[in-house]
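This report refers to the structure that appears directly beneath it.
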Amino acid sequence: MAAYYLSKDKQVELSKIAQSIATPGKGILAADEPAGIIESRFAPMNIENNEENRRYYRQLLFRTKESRQHISGIILCHETFYHKTDDDDTSFPRLLTAAGIIPGITVDRGLIVLGGTDNETITQGLDGLEERCREYKKNGAQFAKWRAALKIDKNCPSQLAINENASKLARYASICQQCGLVPIVEPEVSLDGDHDLEECQRVTENVLATVYKALNDHHVYLEGTLLKPNIVTPGKDCPKTYSVEQIAEATVIAFRRTVPTAVPGIMFLSGGHNEENSTAYLNAINRVNLYKPWTLSFSYGRALQTSVLRAWKGDKNNSEQARNEFIRLARQNGLASLGRYELSN
Ligand code: 13P
């Protein structure tokens with residue numbers, strides 16, 4: 001085998017990590033909102049966006065023991081990755097590892113406009129990525145995340161935006177694997193717009209087919225990757241309504257057509273869907289009566305945290321209520337990832 005392919009040992013290491021994250025009945029908490037983004041989550045609850053509040057809030061989530069049977073991995077942002085517990089000075093990656101949760105890190109550096117397009121975006125962060133990945137791995141990270149964003153509009157997504165984003169995702173994935181991190185490949189098709197379900201399915205299929213061609217071109221070891229896609233749904237301003245079952249079926253069909261069976265897990269983002277819908281869609285997806293060779297689970301940010309923040313309100317006296325909300329959401333989505341969620345749960 002040529003030297004530029006991954007060694008057998010590295011392949012084994014990566015596929016073990018990916019499989020543990022994709023353990024049936026478990027999913028990922030995306031707690032990687034950088035300071036600028038968490039502002040938009042804190043502000044509606046009147047929570048002051050200062051560093052100690054961000055640290056305390058993440059500590060509250062990470063120490064919620066009863067959530068752990070449903071959470072296999074947690075994604076951190078750079079700031080949180082280097083935060084520590086206030087009582088025993090343990091770094092958050094170490095705290096998670098000791099609790100049996102796999103720590104991950106977001107390594108992209110956000111979106112910029114892709115010139116020559118109708119305000120579409122490309123994700124930054126390849127410069128210096130290898131050094132950063134080696135440093136994160138040394139400090140306990142086992143997986144990474146890179147988010148590409150695509151939108152549906154009159155002339156969008158352009159094939160240029162799809163190709164460029166796919167190529168960057170593939171280069172990122174290749175670098176991560178060389179450093180021993182499982183790459184989460186996240187090509188998000190945005191919920192914004194008035195497109196219908198069929199249009200979202202068509203675009204999602206094109207995006208995923210392009211992404212997997214690029215991953216193949218870069219010799220990315222698929223068994224050591226995870227996919228983090230959007231659920232296939234109509235745009236949030238679409239006048240037509242669809243049943244949860246129609247959405248679930250469109251989603252499963254799109255993945256069956258484009259995602260290789262070598263990929264161990266498809267971990268959905270919630271992307272602006274509310275908590276109830278995110279759980280209902282995931283549950284229905286797992287109940288679709290078609291062959292689904294991957295674990296189909298969650299990597300939710302907002303859908304695992306909105307009620308938690310509403311309960312916490314930035315006040316330590318509300319920590320118990322906040323923890324209970326987190327346990328409830330983790331449990332419901334854990335059940336949904338097995339297709340076993342009933343409204344009465
Ligand atoms: P949401 O579930 O809030 O969309 O966040 C997931 C995520 O990590 C987006 O990159």
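For ligands, and for the atoms within them, numbers begin at 1 and follow the listed sequence. Position 1 is the first residue of the sequence, and the numbers go up from there.
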Can you find a non-hydrogen atom of Ser278 under 4.0 Å from ligand 1?
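Distance cut 4.0 Å: Ser278 fails for ligand 1.
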Lys145: heavy atom below 4.0 Å from ligand 1, yes or no?
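Distance cut 4.0 Å: Lys145 passes for ligand 1.
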From the options Gly271, Gly301, Ala149, select the one whose nearest heavy atom is closest to atom 5 (O) of ligand 1.
Gly301
Apart from Leu160 itself, what residues make up its hydrophobic cluster, given side-chain heavy atom links below 4.5 Å?
Ile112, Leu114, Ile122
Please list, in number order, the atoms of ligand 1 under 4.0 Å from a heavy atom of [X].
X: Ala30; result: 8 (O)
X: Arg302; result: 1 (P), 2 (O), 3 (O), 4 (O)
X: Ser270; result: 1 (P), 2 (O), 3 (O), 4 (O)
X: Ser299; result: 6 (C)
X: Lys228; result: 6 (C), 7 (C), 8 (O)
X: Tyr300; result: 2 (O)

Test Leu208 against Leu227 for side-chain contact (heavy atoms from CB on, under 4.5 Å), laying out the working first.
CA-CA 10 Å; Leu208 292 175; Leu227 176 66; 4.0 Å; yes
Of all pairs that satisfy side-chain hydrogen bond (donor to acceptor under 3.5 Å, both in side chains), the ones with a partner from residues 283-294, not counting sequence neighbours
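Passing the test, one end in residues 283-294: Arg287-Glu342.
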Which residue in the set Glu33, Glu52, Glu51 passes salt bridge (Lys or Arg N to Asp or Glu O under 4.0 Å) when paired with Arg58?
Glu33
So, Asp9 versus Ser7: side-chain donor-acceptor pair below 3.5 Å or not?
no
In terms of side-chain heavy atoms, does Gln305 have a donor or acceptor partner in Tyr57 at a distance below 3.5 Å?
yes
Distance from Asn139 atom CG to Arg134 atom CZ, nearest 0.5 Å?
14.0 Å
For atom 9 (C) of ligand 1, what's the nearest protein heavy atom and its distance?
Glu186 OE2, 3.2 Å
Apply side-chain contact (heavy atoms from CB on, under 4.5 Å) to His70 and Asn333, showing your working.
CA-CA 8 Å; His70 312 291; Asn333 287 297; over 6 Å; no
Does Ala303 approach ligand 1 within less than 4.0 angstrom via side chain, backbone, both or neither, non-hydrogen atoms only?
neither
